[in-house]
Amino acid sequence: MPTVEIVRFPGSDEFVADNLVFKDGLSKLVKSEGCIRVIKHHLTCLSVAVWETYDHHMKFTKHESYLATIASLTRAQAGPMDIQHVEFDEDTALAMGSPVTEVAALVPKPDINEKEARNLLTKLRVNLNAEKSCHGVTIGESREQGDYCRALGVGQYTGPQRFREQGFDPGYS
């Protein structure tokens, strides 16, 4: 499966005034070898790059256009970036193309072991797929933090409460 790079950061005043402030960097990113697509949320400081492989992403970080991409992101950010690289278990196109896309880090509660966590994730996917408003539930692990990440496309935002009820603390969404 492709590697999905999720970048979040607090927006600068410059970004708030013009959320296309880092479009030059994103245009270089989308043209780089192995980049399948880039999805930028226009109202928040979130961009998602889908890479053919993690190695393609790492190759880009050594390319000269990487510095221009980082420079344009620096203008847009007012604080540290959170970058996650996740190999989801299913294609993310359906989730990312939905009216609302929810991306969440799901951290198992301390009393839940890895096998139980995987079983809960399977149950969570089954339950979400049963909801008519859900589109494209996909789950993977973050290379950086080891947390589980879940991408979900929905018709409207419903909040993280259902994940707490199933044994996870949502880290962000």
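Excluded from the calculations below are hydrogen atoms, water molecules and symmetry mates; all remaining heavy atoms, backbone and side chain alike, are included.
Of the possible polar contacts, one joining the Ser12 side chain to the Ala76 backbone as a donor-acceptor pair under 3.5 Å is found. Remark: the backbone N or O of Val137 is paired with a side-chain donor or acceptor of Arg125 at under 3.5 angstrom. Looking only at distances, no side-chain donor or acceptor of Asp82 sits under 3.5 Å from a matching main-chain atom of Arg8. With Thr138 contributing its side chain and Asp91 its backbone, the two residues share no donor-acceptor pair below 3.5 Å. Checking side-chain atoms of Ser32 against main-chain N and O of Cys35 turns up no donor-acceptor pair under 3.5 Å.
Tracing side-chain contacts under 4.5 Å through hydrophobic residues (I, L, V, M, F, W, Y), one never reaches Met58 starting from Val30; they form parts of separate clusters. Linking ILVMFWY residues whenever their side-chain heavy atoms come closer than 4.5 Å, directly or via other members, leaves Tyr54 and Val48 in distinct clusters. No path of Ile, Leu, Val, Met, Phe, Trp and Tyr side chains, each step under 4.5 Å between heavy atoms, connects Leu94 with Leu121, placing them in separate hydrophobic clusters. Under the 4.5 Å side-chain contact rule for hydrophobic residues, Ile83 and Phe15 share a cluster. If you chain together hydrophobic residues whose side chains sit under 4.5 Å apart, Ile70 and Val38 fall into the same group.
With values rounded to the nearest 0.5 angstrom, Arg143 atom CZ is found 12.0 Å from Gln84 atom CD. Taken from OG1 in Thr3 to CG in Asp55, the straight-line distance is 8.5 Å, to the nearest 0.5 Å. Distance check, rounded to the nearest 0.5 Å: CD1 of Ile6 to OG1 of Thr92 gives 9.0 Å. Within the model, atoms CG of Asn119 and CG of Leu124 stand 12.5 Å from one another, a figure rounded to the nearest 0.5 Å. Atom CG in Leu128 sits 12.0 Å away from atom NZ in Lys123 (nearest 0.5 Å).
Across every non-hydrogen atom of Pro108 and Ala117, the tightest pair is CG-CB, 3.9 Å. Residue Pro2 comes nearest to Trp51 through the heavy atom pair CB-O, 3.0 Å, listed as atom of the first residue, atom of the second, then distance. Of all non-hydrogen atoms in Ile112 and Leu120, the two that sit nearest each other are CD1-CD1, 3.6 Å. Of all heavy-atom pairs spanning Pro10 and Pro80, the tightest one is CD-O, 3.4 Å. Between Phe88 and Gly140 the shortest heavy-atom distance is CD2-N, 3.6 Å.
The aromatic rings of His63 and Phe60 lie parallel to each other, with less than 30° between the two planes, well short of the 60° mark. Using cut-offs of 30° and 60° for the angle between ring planes, the His85 and His57 rings count as tilted.
Counting heavy atoms of neighbouring residues, nucleotides and ligands inside a 6.0 Å radius, atom CG of Asp13 does not exceed 12 of them.
Ionic pairing of Arg118 and Glu141 is present here: one or more N-O contacts between side-chain nitrogen and carboxylate oxygen are shorter than 4.0 angstrom.
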